[in-house]
Student: 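One structure coming up, written as structure tokens, with questions to follow.
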Amino acid sequence: MSPSPSPFQELWSPVTRQNPLPFYARLRQEAPVVRLEDPHFKHPVWVVSRYKDAVELLRDPRFTKNVDKLPETSLHRQRRNDAMAAINKHMLMADPPDHTRLRTLVSKAFTPRRVEELRPRVTAITERLLDTLEPQGSADLLDAFAFPLPVTVIAEMLGVPVEDQDKFQEWTSIIVNPPVDGNMEPLFAAGFQFMQYFQALMEKRRGEPREDLLSALVSVEEQGDRLSPQELISMLFLLLVAGHETTVNLIGNGVWALLRNPEQLERLRREPALIESAVEEMLRYRGPVETSTQRWAPQDVEFRGQVIPAGETILASLMAANHDPEQFPEPGRFDIAREPNRHIGFGFGIHFCLGAPLARLEANIAIPLLLQRLPRLRLAVDESALSWREGILVHGMKQLPVAF
Ligand code: HEM
């Protein structure tokens, strides 16, 4: 079946990328489950935009995350043998029982209780970054603060030497933001370099285990059949990417939301106990993950009156769902005390974000300290000069120039 041209193709247009909300309002209203053509990968993608439908999709076991279950003729299945396949054997690309097995291996390290133990360390890293930032008077907040904080934390948890962090930024950024021109070479090269680096680091830990997640996972792999070498490297990749490309934009988009809503910023300064609900509202209002990752139909699946043909891709727009007026009264209002606020910024169902407690802890520490230490924090450019990234997965600014 050849894709029919859709009036909703502008999901990927530069105008929509700068502010997707007007587009999503139209989509929810006129085409809540719609088939579009991904202009970069040149294949059809079904996009689901209403809150109720998004939740339904994310918990629907009829869709798979495992390309091996797709028909032989599927484009996605044919592509799985590419260079990325070696780092794609992780929980976010697996169905139960593999998903359950892989997630269980690391879930203990990410429970709210275990993550809470990191509070002193996260506070110390935040304070150190602010010590450097404070005398500067102006900076790109993403580069100088929002990025190094979560990267340092996840690198320490895993046991990756701090001096290697820049390399990760380069590789993960290429991998998470696929090339717009269709040239896959840089993507494959970054995937390959990532793998080589980790193989060397794992060898070191095999000989000299430490108190880190990497050593713990290496020892599980050595013990037997619970984790294959390929799954181990894929797990490290997933945790690093998730820890690099998301929390940075939670802090960035959250600070941006506060600065453009000064009465909410004032309220947070007056009532600091609101920080927890403020962070939830940041995740709803402009969460860092705009769309879920892809799911596939292993055979024809009927969903909300549409037939998703075998082998085709479907995803939920978390941002569209989080602005559905059926679920959130006045969705365009940024309200740091919003209650209830059952946003799906961390996804829903069995793939609900494993790192949510960590991301919440980091934002709950970083944002109040930032506001405290920089009481005159403001945008250093006009809001219209801010530029948002082009991909539909990660929603974040390229830079956030601030003065203080
Ligand atoms: C604000 C920051 C974050 C946001 C908004 C976020 C969002 C998400 C979302 C939406 C999903 C589900 C994707 C889907 O179902 O298609 C997800 C999954 C996941 N996230 Fe996060 N994430 C964040 C931070 C983190 C961090 C810091 C880590 C770990 C270091 C992490 C680890 C994971 C993992 C491992 C999964 C896959 C879970 C599974 O398949 O069972 N995330 N995240």
Side-chain angles (χ1 to χ4, degrees), residues 45 47-48 54-61 63-66 88-107 109-111 114-115 118 122 146-147 149-158 160 168 172 176 213-214 217 231 234-255 279-296 313-319 321-322 343-364 366-367 392-396:
V45 181
V47 179
V48 173
V55 165
E56 217 37 61
L57 169 66
L58 296 178
R59 68 169 165 214
D60 192 332
F63 293 104
T64 183
K65 294 225 93 293
N66 180 352
N88 270 346
K89 281 229 162 304
H90 53 65
M91 67 185 96
L92 194 48
M93 295 285 273
D95 296 334
D98 286 336
H99 171 262
T100 326
R101 172 176 55 85
L102 293 170
R103 186 160 169 140
T104 307
L105 287 175
V106 281
S107 58
F110 289 94
T111 59
R114 276 291 290 281
V115 163
L118 299 173
V122 174
F147 180 75
L149 172 62
V151 169
T152 312
V153 173
I154 192 69
E156 282 188 7
M157 274 180 90
L158 283 169
V160 173
F168 289 115
T172 56
V176 176
L213 209 49
L214 182 58
L217 288 169
E231 287 171 339
S234 302
M235 171 100 76
L236 297 170
F237 169 72
L238 174 65
L239 293 175
L240 270 165
V241 169
H244 269 69
E245 292 288 337
T246 48
T247 315
V248 47
N249 294 311
L250 172 57
I251 297 172
N253 299 0
V255 169
V279 168
E280 297 311 305
E281 180 67 343
M282 290 165 187
L283 284 155
R284 184 198 70 82
Y285 183 71
R286 286 296 196 286
V289 179
E290 180 174 330
T291 58
S292 75
T293 56
Q294 305 181 342
R295 272 99 180 125
W296 294 285
T313 304
I314 187 164
L315 53 80
S317 168
L318 307 177
M319 184 188 273
N322 284 335
H343 68 79
I344 53 168
F346 284 125
F348 192 85
I350 62 167
H351 294 284
F352 178 85
C353 178
L354 175 81
L358 179 60
R360 285 181 164 129
L361 180 84
E362 289 170 343
N364 274 279
I367 293 171
I392 64 163
L393 178 63
V394 174
H395 182 67

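Both counts, for ligands and for their atoms, begin at 1 and track the order of listing. One-based numbering along the sequence shown. Values below: all heavy atoms of this structure, side chains included; hydrogens, waters and symmetry mates excluded.
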Student: Applying side-chain contact (heavy atoms from CB on, under 4.5 Å), can you list everything that pairs with P96, at least two apart in sequence or on another chain?
Tutor: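 side-chain contact (heavy atoms from CB on, under 4.5 Å) check on P96 returns H99, T100, I350.
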
Student: Find all protein N or O atoms under 3.5 angstrom from an N or O atom of ligand 1 and list the pairs with distances, or write 'none'.
Tutor:
from: ligand 1; atom 1: 15 (O); to: R295; atom 2: NH1; distance (Å): 3.4
from: ligand 1; atom 1: 15 (O); to: R295; atom 2: NH2; distance (Å): 2.8
from: ligand 1; atom 1: 16 (O); to: T293; atom 2: N; distance (Å): 2.8
from: ligand 1; atom 1: 16 (O); to: T293; atom 2: OG1; distance (Å): 2.5
from: ligand 1; atom 1: 16 (O); to: R295; atom 2: NH1; distance (Å): 2.7
from: ligand 1; atom 1: 40 (O); to: H351; atom 2: ND1; distance (Å): 2.6
from: ligand 1; atom 1: 41 (O); to: H99; atom 2: NE2; distance (Å): 2.7
from: ligand 1; atom 1: 41 (O); to: R103; atom 2: NH1; distance (Å): 2.7
from: ligand 1; atom 1: 41 (O); to: I350; atom 2: O; distance (Å): 3.4

Student: Could you state the interatomic distance from CG (L102) to CE (M91), rounded to the nearest 0.5 Å?
Tutor: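 Separation between the atoms: 6.5 Å.
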
Student: For N364, enumerate each residue passing the side-chain contact (heavy atoms from CB on, under 4.5 Å) test, keeping only those at least two apart in sequence or located in another chain.
Tutor: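 Only I275, E276, V279, R360 meet the side-chain contact (heavy atoms from CB on, under 4.5 Å) criterion with N364.
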
Student: Taking only residues two or more places apart in sequence, or in another chain, which ones meet V115 in a side-chain contact (heavy atoms from CB on, under 4.5 Å)?
Tutor: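 Here the qualifying residues are P357, L358, L361.
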
Student: Run the numbers on L393 and E290 for side-chain contact (heavy atoms from CB on, under 4.5 Å), then give the verdict.
Tutor: CA-CA 5 Å; L393 178 63; E290 180 174 330; over 6 Å; no

Student: May I have the step-by-step check of side-chain contact (heavy atoms from CB on, under 4.5 Å) for F346 and H351, ending in yes or no?
Tutor: CA-CA 9 Å; F346 284 125; H351 294 284; over 6 Å; no

